[in-house]
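Accompanying notes for the structure given below.
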Amino acid sequence: MKQPLLSIVIPAHNEEKRLPPTLEQVFAFLDKQDYEAEVLVIENGSTDQTYVLAQSFAARRRNLRVIRAEGRGKGLAVRQGMLEARGQYRLMCDADLSMPVEEIAKFLSSPASGFDIVIASREAPGAVRYDEPVIRHLGGRAINLLIRLLILPGLQDTQCGFKCFRAAVADDLFKRQTLMGWSFDIELLFVARRHGYRIIEIPIDWYYRAESKVNALRDATRMIRDIFQIHANARRGIYDADRA
């Protein structure tokens, strides 16, 4: 297969229920497009049938690769997928597909052209949230307020799980990544700004999934700890050194 235009990277940990319908929807969308695309499922540390089910799906799809990561953490899985992807554009995609698959077109559309990183936003003008409990929404906004105050001013939704990178940008940023857990998005966007990469938020439709693995209090605590680590890394010049 020639170099694909788009790579879709799906981290998957214990996703035996959500991954198969997600893959069905993703490939139903890609089958209608006039460009080459590939999908990478990065399984890490599952105790269910995620890996087996993904391999079974790959047997029917030449442009699906299933990779078993050594280690745990969403950030680790996304990093491995992004560095092994071949696409000119590389999109990280949550396994629950809380963003309708048709929204993928927005990442490659003219409003997104000219930018190095395009991030899905549930807060940008035109975005619509569906079925989200009020308390969940307020918790998410509180977390984002902390992020804006402490490290990423101006970005309204850094934690939505759908982000697209130009290939050269992905190769640079993910080699510099040091956080392999929940806060890896914050680190990548911080480093991207530090190196002058252009970031745009695009509005999406987004559906709340009751099975979400997010825990606002736990994750906010981890995030604050990780933000201080990111600042410490920056002071030591870790993000400015050449990365192999």
Side-chain angles (χ1 to χ4, degrees), residues 7-19 22-23 39-55 65-85 90-99 117 119-120 139-140 143-144 146-147 150-152 155 157-165 169-192 194 209 211-234 236 238-239 243-244:
S7 297
I8 299 176
V9 175
I10 305 175
H13 172 71
N14 287 341
E15 294 288 359
E16 65 179 7
K17 294 181 179 179
R18 300 194 295 189
L19 184 62
T22 288
L23 290 175
V39 178
L40 294 84
V41 172
I42 314 298
E43 186 279 325
N44 65 332
S46 296
T47 56
D48 63 6
Q49 296 298 303
T50 297
Y51 185 68
V52 173
L53 290 171
Q55 284 188 311
R65 286 191 279 157
V66 181
I67 299 167
R68 175 162 267 174
E70 296 297 329
R72 291 282 298 274
K74 182 180 179 181
L76 180 146
V78 173
R79 181 182 190 272
Q80 182 164 347
M82 286 287 179
L83 293 177
E84 295 201 26
R90 301 173 189 180
L91 173 73
M92 54 180 272
C93 172
D94 280 350
D96 66 358
L97 208 61
S98 53
M99 179 190 78
I117 304 169
I119 64 177
I143 289 174
N144 184 257
L146 284 173
I147 292 170
L150 296 175
I151 195 166
L152 290 170
L155 291 179
D157 191 3
T158 57
Q159 298 311 108
C160 189
F162 302 86
K163 297 179 177 68
C164 190
F165 303 78
V169 176
D171 286 337
D172 182 35
L173 290 180
F174 283 91
K175 287 177 182 177
R176 298 179 188 277
Q177 178 186 340
T178 69
L179 300 180
M180 301 303 162
W182 188 76
S183 303
F184 78 100
D185 316 60
I186 301 170
E187 182 180 39
L188 289 169
L189 294 173
F190 174 84
V191 178
R194 192 175 182 88
R209 305 301 190 200
E211 321 86 60
S212 172
K213 299 176 181 178
V214 173
N215 180 300
L217 181 59
R218 178 199 64 201
D219 293 333
T221 302
R222 292 177 181 174
M223 179 203 69
I224 293 171
R225 177 200 65 196
D226 289 341
I227 285 174
F228 283 111
Q229 182 63 54
I230 293 167
H231 284 303
N233 289 348
R236 292 199 298 268
I238 289 174
Y239 301 129
R243 307 294 283 187

Exercise: identify the closest heavy-atom pair between Phe165 and Val169: CD2-CG1, 4.5 Å

Least distance between heavy atoms, Gly45 atom then Arg72 atom: CA-CD, 3.6 Å

From CD1 (Ile67) to CD1 (Ile42), nearest 0.5 Å: 3.5 Å

Heavy-atom check, side chain of Leu173 versus side chain of Leu188, under 4.5 Å: yes

Short side-chain to backbone donor-acceptor contact, Thr22 and Ala95, under 3.5 Å: yes

Interatomic distance, Gln49 atom CD to Glu43 atom CD [nearest 0.5 angstrom]: 10.5 Å

Test side chain to side chain contact (heavy atoms under 4.5 Å, CB included) applied to Asn14 and Thr47, step by step: CA-CA 6 Å; Asn14 287 341; Thr47 56; 3.4 Å; yes

Carboxylate-amine/guanidinium contact Asp172 Arg176, below 4.0 Å: yes

Test item: Leu23 and Val41 side chains (from C-beta on) under 4.5 Å apart, heavy atoms: yes

N/O donor-acceptor pair under 3.5 Å between Thr50 side chain and Glu15 backbone: yes

CD on Glu84 to CZ on Arg79, rounded to 0.5 Å: 10.5 Å

Point-to-point distance, once rounded to the nearest 0.5 Å, from CD1 of Ile238 to CD of Glu187: 9.0 Å

4.5 Å side-chain heavy-atom contact, Ile119 and Asp157: no

Residue pair Arg90 / Phe174, side-chain heavy-atom distance below 4.5 Å: no

Inter-residue atom distance Met223.CE - Asn144.CG, 0.5 Å rounding: 9.0 Å

Sub-4.5 Å side-chain heavy-atom contact between Ile10 and Leu40: no

Gln229 side chain reached by Thr178 side chain, heavy atoms, under 4.5 Å: no

Minimum heavy-atom distance between Ser183 and Asp226, given as atom pair plus value: OG-OD2, 2.8 Å

Donor-acceptor pair, side chain of Gln177 and main chain of Gly75, under 3.5 angstrom: yes

Flag, side chain of Asp185 to backbone of Gly161, donor-acceptor distance under 3.5 Å: no

Lys74 bridged to Asp94 by N-O distance under 4.0 Å: yes

Inter-residue atom distance Met99.CE - Cys93.SG, 0.5 Å rounding: 6.0 Å

Non-hydrogen side-chain atoms of Thr221 and Arg225 separated by less than 4.5 Å: no

Arg68 charged N/C atom sitting above Tyr51 aromatic ring, 6.0 Å / 45°: yes

Heavy-atom closest contact (Ala170 atom, Leu83 atom, distance): O-CD2, 4.2 Å

Shortest non-hydrogen separation from Gly73 to Asn44 and the atoms involved: O-ND2, 2.9 Å

Identified side-chain contact (heavy atoms from CB on, under 4.5 Å) partner of Leu189 from the options Ile151, Ile147, Leu152: Leu152

Side chain to side chain, Ile230 and Tyr239, heavy atoms closer than 4.5 Å: yes

Which atom of Ala120 lies closest to which atom of Cys160, heavy atoms considered: O-CB, 3.4 Å

